[in-house]
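All chains are named by letter (A, B, ...) in the order of the sequence lines, taking the proteins before the strands, and each is independently numbered beginning at 1.
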Amino acid sequence: VSGTQALLAWLSPRAPRLAGACLLVVIYAAARVTYADQGFGSLATLLNILDSSAVLGVIAVGLTFVIISGGIDLSVGAVMALSSVAAAQLLRLGAPLPIAVAGPVLGASLFGATQGWFIHRSGLAPFIVTLATMFLARGLSFMISLEPVAISSHGHGALAGVHMQLGRAWLRIGAVTFLLVTVAAAYTARFTRFGRAVYALGGSDEAATLMGLRVRGVRIGVYTVSALCSAIAGILLTFQISSGSHLEGFGLELDAIAAVVIGGTLLRGGAGSVLGTLVGVLLIGIVVTVITTYGMGTSSGLTKVLIAALLLGFIVLQNALMRVLRRS
Amino acid sequence: MTTSRLGTWVAHAELRAGLALAALLLFNALFTRGFASIELQDGRLYGAMIDILRNGSAVMLLAVGMTLVIATAGIDLSVGSTMALSGAVAALGLTEHALPPLQAIACGLGAGLAVGLVNGALVTFIRLQPIVATLVLLVAGRGLAQVLTTDQKIRFQSPVFDSLATGSTLSLPNPLLLAAAAALITLLLVRFTIAGLYIQAIGDNPRAARLCGLPIHRIHLFVYSVSGLCAALAGMLAAGEISEADVAGAGLYMELDAILAVVIGGTRLSGGRPCVVGAALGALIIQTLSVMLQMRGIPTEHGLVLKAVIALAICLPQAPGLARTWRRTGGLP
């Protein structure tokens, strides 16, 4: 009996994450069996999936901190688009590459910090504030340019083309950045004081305050991380499409939330992990790749509907699991 | 009618919204060239102010439906996508299935109702946060519309849609009459039915409402359905105006306009008393702002920044954190 109890105690916080991981394995295996003759499952496809999920992945990793802290950030897609347009415009105006990359990233971090401060100070619901800042960021990117801005800088092109040859597969800069950001974030969440404070804040706002945690700093921190990651994703996007565009990233906030939730992070905060988010991102990446590359229609609408359905399915699953585990 | 009787009909916030609208109109009449002129041609009125009434109708419809949702402390982000979806369904009904216009409209409204019911079910049965539930429908709704239309714009010819979206009755634009009718029905519903009381009760204190045994599930399903229906009506207007279902563009970013209109109108985002008249006035304020920017040569897209800032500024007095500070320092109430 104690063995079962110990198993349940171990399973209970990990159940949602394990469900995501299991689904990832199942979908990967199914896709591999179905599309083996078309090359799915080779190292090249895997690295391609990693590379094409990089933009979503970096955003989702940043968003994980916000959701664990019990908040939500709807502005991620808009901030990504804003920083991509800002970087492209800076390059067009002749700014050197380091400035064109660092400027938007720093600006976005400031944007995120202000947002976190505002949420903390006003006590308004995070979704209201970030909904407003989502439109603010979209509006700002419209103000920078009403049209997508093409990038013709050689340095930028060279950086976008950087890759490492692994047999017949290419490890591109997007995939590398995604992995680095994930590792750094996972370390931060697990092994630093800031990471622990984020979990504490998500567990109970009040308890964290009474415990003497600097709640304001933590809250500013999580929104800064989220905006910082969105800006990095925006720069990665310019590498992929060689332009900065405010048309990109519409509905990306839902994809990011979906990735985080599929990865086992609870929407009410307090529990979750960065590595779980990696699982969620890969799952979405595989689904999108299967839809767009291997027939099944090219409509972006179908992808959206599927991701929304996945998200709903996982939330329902999480709720059911939590109920069952609490009862036992 | 004494002031207190008047007060049961018009909240203070609604008076404020009315004054703000009047001030905005006055400013434009004085300082924006060509704003105040209204002409009568062929039994129709033309002019900037008539444009505001005509083009503001869609936002007004969205805002009226959204008022009930926000009064229950919820939010509906899916209204813009619902416009696109219902427009696409109606247009497909007209073209692919050669339905008569009224049946096509019924199909479109049915799509909106379905979206609303799904929203309500997610919120009340699965206990999803309204923001997440309706965000799912925001993305999935437009996605579904794209799947149905295979990403194409669908053109159609229909006199009924034309007259609905661009016609006039008694020299007043039809969309305005439609929106006004929707607002009136909702106002009567809120003031004179038990449902109105329940909606406010849920928003004021959800826990108490549940413990009192109010039919929470039914009320949630009801408010989200009303919001879906209103959005579908707005979708019919948007499609009829250009005789085309534009899946990518219809209702894009309009959820902010609707939420902003409701908040300007005095309904609190934390739930409570629904201010229907205020929401309608709020929609007109937003449309006036848009027209003003347009007539002053500022691209509409730049208006997003202004709207976002206004939204945050209006929310500030409702913010619990600031209210505490003000109490402490003896500043504003």
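- A distance of 9.0 Å separates CD of B:Gln146 from OG1 of A:Thr303, quoted to the nearest 0.5 Å.
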(message) Using the rule given for side-chain contact (heavy atoms from CB on, under 4.5 Å), can you reason through B:Val132 versus A:Phe127, listing the C-alpha separation, both sets of side-chain angles and the distance that settles it, and then say yes or no?
(response) CA-CA 10 Å; B:Val132 178; A:Phe127 80 81; over 6 Å; no

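- Heavy-atom distances place no part of B:Ile310 under 4.5 Å from chain A, backbone and side chain included.
- In the displayed structure, B:Arg155 atom CZ is contacted under 6.0 Å by more than 12 heavy atoms of other residues, nucleotides or ligands.
- Counting all heavy atoms, side chain and backbone alike, B:Val305 lies closest to A:Leu140 at CG2-N, 3.5 Å.
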(request) Start with the C-alpha gap between B:Ile259 and A:Leu131, add the side-chain angles, then the distance that decides, and say whether side-chain contact (heavy atoms from CB on, under 4.5 Å) holds. (result) CA-CA 10 Å; B:Ile259 295 169; A:Leu131 185 69; 3.6 Å; yes

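- Here the straight-line distance linking atom CZ of A:Phe135 with atom CG of B:Leu304 works out to 7.0 Å at 0.5 Å rounding.
- Taken to the nearest 0.5 Å, the CE atom of A:Met134 stands 6.5 Å off from the CD atom of B:Glu255.
- There is no contact between B:Leu148 and chain A, counting heavy-atom distances below 4.5 Å.
- Only the side chain of B:Leu128 has a heavy atom closer than 4.5 Å to any heavy atom of chain A.
- Heavy-atom distances place the side chain of B:Ile131, and not its backbone, under 4.5 Å from chain A.
- With a 4.5 Å cut-off on non-hydrogen atoms, B:Leu252 touches chain A through its side chain but not through its backbone.
- Pairing each heavy atom of A:Leu136 with each of B:Ala308, the nearest pair is N-CB, 3.7 Å.
- The contact between B:Leu77 and chain A is made entirely by side chain atoms (from C-beta outward), counting heavy-atom distances below 4.5 Å.
- Per-residue counts of heavy-atom pairs under 4.5 Å with chain B were compared for A:Ile128, A:Leu311, A:Ile72; the largest is that of A:Ile128.
- Contact count versus chain B (heavy atoms, under 4.5 Å) is highest, among A:Val316, A:Ile257, A:Leu267, for A:Leu267.
- A pairwise comparison of heavy atoms in A:Leu302 and B:Val147 identifies N-CG2, 3.4 Å as the closest pair.
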